[in-house]
Amino acid sequence: MKSILVTGGTGFIGSHTVLELLANNYQVVVMDNLRNSKIESLKRVEKLSNMHVDFHKIDLLDKPALSGLFNKYKFDGVIHFAGLKAVGESVEKPLLYYTNNITGTLNLCEVMQENQVKNLVFSSSATVYGNPDQSPLTENESLSAVNPYGQTKLTIEFILKDLQHADSDWNISLLRYFNPVGAHKSGDIGEDPHGIPNNLMPFITQVAVGKLKELSVFGNDYPTPDGTGIRDYIHVVDVAIGHIKALEKLREKPGLVTYNLGTGKGSSVLDMIQAFENANSVKIPYKFAPRRPGDAAICYADVSKAERELNWKAKYSLQEMCRDAWNWQTKNPTGFD
Ligand code: NAD
Ligand code: UDP
């Protein structure tokens with residue numbers, strides 16, 4: 001399996017994964033509609049790898065264009081990152097999210113099927129565990145959705161399960177990411193959110209660089225040791241390497257498999273602030289604010305299945321995630337602009 005189409009390959013996780021694919025001698029074609037990313041990310045990947053990557057500006061909703069792409073190349077498999085991911089926006093614009101993420105994935109699967117390309121790695125999320133009341137979470141935990149974004153991930157998981165059940169030639173890996181953060185160690189690629197970030201790490205880096213005044217810590221009355229929410233932060237390069245392992249697994253024709261990609265360790269918001277301050281010798285001004293609606297108190301992964309079956313284990317520490325996120329932010333204070 002050498003020729004891989006990466007949908008959403010100019011985005012945050014996609015760009016880091018393309019770099020790892022190139023380092024592992026895969027031939028890579030990227031498609032993205034550039035709605036939430038810039039072509040500059042791929043130019044940086046090309047520079048870092050010293051390799052060229054074919055890029056096609058295509059929307060997944062444009063099925064004829066997608067078919068044209070599959071006529072042009074002979075792919076062995078697809079890594080499917082493309083999708084919208086902002087929880088708040090999904091609550092305001094559910095139809096946009098259902099159409100983009102679900103119809104987009106249906107189009108992709110139909111075109112793959114028509115072209116006998118039946119190896120797929122899909123970007124799922126820990127959001128499919130809903131608002132869990134215990135952690136660590138194994139892949140067998142019950143599933144639910146607490147917002148339209150989560151509902152799209154859950155629905156796509158079900159669609160892909162039905163597809164594989166109906167046609168056992170399909171090999172599908174559902175990767176449930178926990179909280180990907182950090183950046184490539186070069187500081188040349190990283191997370192470039194539009195506007196004010198929703199997620200903790202980009203918010204912290206923008207406070208540190210002086211773009212934002214202070215961090216609001218959402219809730220200090222959770223049933224956790226310091227009262228703030230606990231998550232499983234994982235370096236984006238570890239997530240990217242997880243995709244290489246998932247592709248290798250597909251070669252064994254495993255049918256449909258599901259893996260958590262996390263570190264298995266929970267860190268609170270205050271732990272993150274402290275790790276960032278220690279790693280980078282900067283101060284992060286913060287204040288406590290009310291809980292953010294819909295947030296779980298604690299969410300971290302049981303990663304033993306991925307360790308056992310993919311021979312994969314996250315290797316970067318919290319310090320390294322904070323160091324690399326800061327390196328990216330200081331080298332690129334305005335992102336890819
Ligand atoms: P990202 O927004 O940086 O990348 C997604 C890419 O998909 C963007 O470049 C965007 O332009 C593209 N895209 C969106 N809709 C498209 C369409 N209709 N046609 C073509 N391209 C389209 O996001 P990311 O953080 O790299 O996330 C990648 C995937 O992983 C997403 O599916 C996301 O839901 C999932 N995920 C992300 C996280 C996270 O915290 N970053 C956690 C769990 C799961
Ligand atoms: N968080 C926070 N302030 C922010 C953004 C996030 O306190 O400005 C907290 C949030 O309540 C959660 C943790 O940081 O406990 C991680 O939030 P993020 O949005 O990054 O990830 P998710 O909630 O999707 O796991």
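FYI, side chains are in, hydrogens and waters are out, and symmetry mates aren't considered; it's all heavy atoms of this structure. First listed ligand is number 1; within each ligand, the first listed atom is number 1.
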[X] heavy atom under 4.0 Å from ligand 1:
{"X": "Gly104", "value": "no"}
{"X": "Asn179", "value": "no"}
{"X": "His80", "value": "no"}
{"X": "Ser124", "value": "yes"}
{"X": "Asn199", "value": "no"}

Can you tell which part of [X] has a heavy atom less than 4.0 Å from ligand 1: side chain, backbone, both or neither?
{"X": "Asn100", "result": "side chain"}
{"X": "Asn101", "result": "neither"}
{"X": "Leu34", "result": "backbone"}
{"X": "Met31", "result": "side chain"}

Nearest non-hydrogen atom to [atom] belongs to which of [options]?
{"atom": "atom 30 (O) of ligand 1", "options": "Phe81, Tyr177, Phe122, Tyr149", "value": "Tyr177"}
{"atom": "atom 2 (C) of ligand 2", "options": "Phe218, Tyr222, Phe178", "value": "Phe218"}
{"atom": "atom 22 (C) of ligand 1", "options": "Thr152, Leu66, Asn33, Val236", "value": "Asn33"}
{"atom": "atom 5 (C) of ligand 2", "options": "Asn198, Ile196, Thr224", "value": "Asn198"}
{"atom": "atom 7 (O) of ligand 1", "options": "Gly150, Ala82, Pro193", "value": "Ala82"}
{"atom": "atom 6 (C) of ligand 2", "options": "Val87, Leu200, Ile230", "value": "Leu200"}

Centroid-centroid distance, [X] to [Y], less than 6.0 Å:
{"X": "Phe158", "Y": "His165", "result": "no"}
{"X": "Phe122", "Y": "His243", "result": "no"}
{"X": "Tyr233", "Y": "Phe178", "result": "no"}

Say you draw a straight line from [atom1] of [X] to [atom2] of [Y]; how long is it, rounded to the nearest 0.5 Å?
{"X": "Phe55", "Y": "Glu46", "atom1": "CZ", "atom2": "CD", "answer": "10.5 Å"}
{"X": "Ser123", "Y": "Ile79", "atom1": "OG", "atom2": "CD1", "answer": "8.5 Å"}
{"X": "Arg231", "Y": "Asp271", "atom1": "CZ", "atom2": "CG", "answer": "13.0 Å"}
{"X": "Lys213", "Y": "Gln206", "atom1": "NZ", "atom2": "CD", "answer": "15.5 Å"}
{"X": "Leu95", "Y": "Ser90", "atom1": "CG", "atom2": "OG", "answer": "11.5 Å"}
{"X": "Asn332", "Y": "Asp188", "atom1": "CG", "atom2": "CG", "answer": "7.0 Å"}

Quick one: which ligand 1 atoms are inside 4.0 Å of a heavy atom on [X]?
{"X": "Gly11", "answer": "3 (O), 4 (O), 9 (O), 26 (O)"}
{"X": "Ile58", "answer": "19 (N), 20 (C)"}
{"X": "Gly8", "answer": "6 (C), 7 (O)"}
{"X": "Ser123", "answer": "29 (C), 30 (O), 32 (O), 35 (C)"}

Distance-only, no hydrogens or angles: does the [X] side chain make a donor-acceptor pair with backbone N or O of [Y] under 3.5 Å?
{"X": "Thr152", "Y": "Ile102", "value": "no"}
{"X": "Asn147", "Y": "Val87", "value": "no"}
{"X": "His16", "Y": "His184", "value": "yes"}

- Query: Against heavy atoms of Tyr233, which atoms of ligand 2 measure under 4.0 Å?
  - Reply: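 It comes down to these atoms of ligand 2: 13 (C), 14 (O), 16 (C).
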- Task: Would you mind listing which atoms of ligand 2 come within a distance below 4.0 Å of any non-hydrogen atom of Val217?
- Result: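 Here the atoms of ligand 2 in question are 7 (O).
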- Item | Closest protein heavy atom (residue, atom, distance) for atom 19 (O) of ligand 2 |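 It is Arg292 NH2, 2.8 Å.
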- Which protein non-hydrogen atom lies closest to atom 11 (O) of ligand 2, naming both residue and atom, and how far is it?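 So the nearest neighbour among protein heavy atoms is Asp295 OD2, 2.6 Å.
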- Message: Does Lys161, at its NZ atom, have more than 12 non-hydrogen atoms belonging to other residues, nucleotides or ligands within less than 6.0 Å?
- Response: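 Yes, the 6.0 Å shell around NZ holds more than 12 heavy atoms from other groups.
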- Message: Can you tell me if Lys331 has over 12 outside heavy atoms packed within less than 6.0 Å of its NZ?
- Response: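 For Lys331, atom NZ is crowded (more than 12 foreign heavy atoms under 6.0 Å).
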- Does NZ or CZ of Arg291 come closer than 6.0 Å to the centre of the six-membered ring of Tyr222, within 45° of the ring's axis?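 Yes, Arg291 lies over the aromatic ring of Tyr222.
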- Item | Aromatic Phe336 / basic Lys38 pairing, under 6.0 angstrom, 45° off normal |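 No; the conditions do not both hold, so Lys38 does not lie above the ring face of Phe336.
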- Query: Does the side chain of Ser41 come under 3.5 Å of the side chain of Ser15 through a donor N or O and an acceptor N or O?
  - Reply: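 There is no such pair between these side chains.
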If you measure every N/O of [X] against every N/O of ligand 1, is any gap under 3.5 Å?
{"X": "Ser125", "answer": "no"}
{"X": "Ser37", "answer": "yes"}
{"X": "Leu61", "answer": "no"}
{"X": "Phe178", "answer": "no"}
{"X": "Ile13", "answer": "yes"}
{"X": "Leu84", "answer": "no"}

[X] and ligand 2 - part of the residue with a heavy-atom distance under 4.0 Å:
{"X": "Asn179", "result": "side chain"}
{"X": "Ser216", "result": "backbone"}
{"X": "Val269", "result": "side chain"}

- Query: Under 4.0 angstrom from ligand 2, any heavy atom of Tyr286?
  - Reply: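 No, that is not the case, since the closest heavy atom of the residue is not under 4.0 Å from the ligand.
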- Query: For residues 131-140, which residue pairs qualify under side chain to side chain donor-acceptor pair (under 3.5 Å), counting only residues two or more places apart or in two chains?
  - Reply: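 Of all non-adjacent pairs touching residues 131-140, those that pass side chain to side chain donor-acceptor pair (under 3.5 Å) are Gln134-Glu141.
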- Task: Could you please spell out the steps behind the side-chain contact (heavy atoms from CB on, under 4.5 Å) verdict for Thr7 and Asp32?
- Result: CA-CA 6 Å; Thr7 78; Asp32 199 299; over 6 Å; no
